[in-house]
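Ligands are counted one by one from 1 in listed order, and the atoms in each one are counted from 1 as well.
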Amino acid sequence: MAVIEDPVTEQVPVAEDLFRVTADGAALVGTRCTGCGTHYFPKSLSCRNPRCEAKAVEQVDLGRSGRLYSYTVQAYRPPALFRTDSWAPYAIGLVELPEGLRVLAMLVGSELSDLRIEMPLELAVHVLYRDDQGRDVVTYAYAPPAGGGAS
Ligand SMILES: [Zn+2]
């Protein structure tokens with residue numbers, strides 16, 4: 001009997017509660033203070049703004065888009081905890097979000113030589129490796145907007 005592979009590979013996040021995929025695409029899971037409006041990522045249990053008296057936070061989706069604030073290219077193999085099926089030098093970016101914070105993320109979807117400070121980026125789901133159960137283990141990353149657009 002022929003075994004037909006499931007055409008849709010199940011995806012599992014590399015860590016819980018960092019990002020989620022919605023109908024509008026990937027979003028980081030963060031929090032926003034209901035008092036002063038400060039955003040946090042990863043999620044914060046309370047507001048850390050010393051001038052804020054509210055301290056109450058709610059979970060929000062954030063970081064769907066941003067701009068490249070700075071980046072570095074990692075040309076050495078990451079430590080064992082960072083598992084990936086294929087390895088090549090890759091970029092880590094500090095991405096400035098319109099919500100007023102900067103997050104570190106892998107940069108994917110472009111040549112390293114095409115990276116530019118201030119370039120627009122969109123949040124993407126990036127496959128790190130296929131696990132023992134045939135599932136794709138994914139993390140969040142930033143990539144140039146789909147559809148390109150010469151800048
Ligand atoms: Zn606050």
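- Sorted by first and then second residue, the side-chain hydrogen bond (donor to acceptor under 3.5 Å, both in side chains) pairs with a member in residues 12-22 read D17-K43, R20-D61, T22-R64; sequence neighbours excluded.
- Side-chain contact check for V103 versus Y142: some heavy-atom pair is nearer than 4.5 Å.
- For the pair Q11/T9, no side-chain contact is recorded, criterion being any heavy-atom separation below 4.5 Å from C-beta on.
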Return all side-chain donor-acceptor pairs below 3.5 angstrom for residues 105-119, not counting sequence neighbours, or 'none' if the list is empty.
| unit_1 | atom_1 | unit_2 | atom_2 | d |
| --- | --- | --- | --- | --- |
| R116 | NH1 | S113 | O | 2.9 |

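- Of all protein N/O/S atoms, those lying under 2.8 Å from the Zn ion (ligand 1) come to 4.
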Would you list the atom pairs, donor with acceptor, under 3.5 Å between side chains in residues 44-56 and any protein atom, with sequence neighbours excluded?
| unit_1 | atom_1 | unit_2 | atom_2 | d |
| --- | --- | --- | --- | --- |
| S44 | OG | S46 | N | 3.3 |
| S44 | OG | S46 | O | 2.5 |
| S44 | OG | R48 | NH1 | 3.3 |
| N49 | OD1 | R51 | N | 2.9 |
| K55 | NZ | C47 | O | 3.4 |
| K55 | NZ | N49 | O | 2.9 |
| K55 | NZ | C52 | O | 3.3 |

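- Considering only heavy atoms from C-beta on, F41 comes within 4.5 Å of L18 through its side chain.
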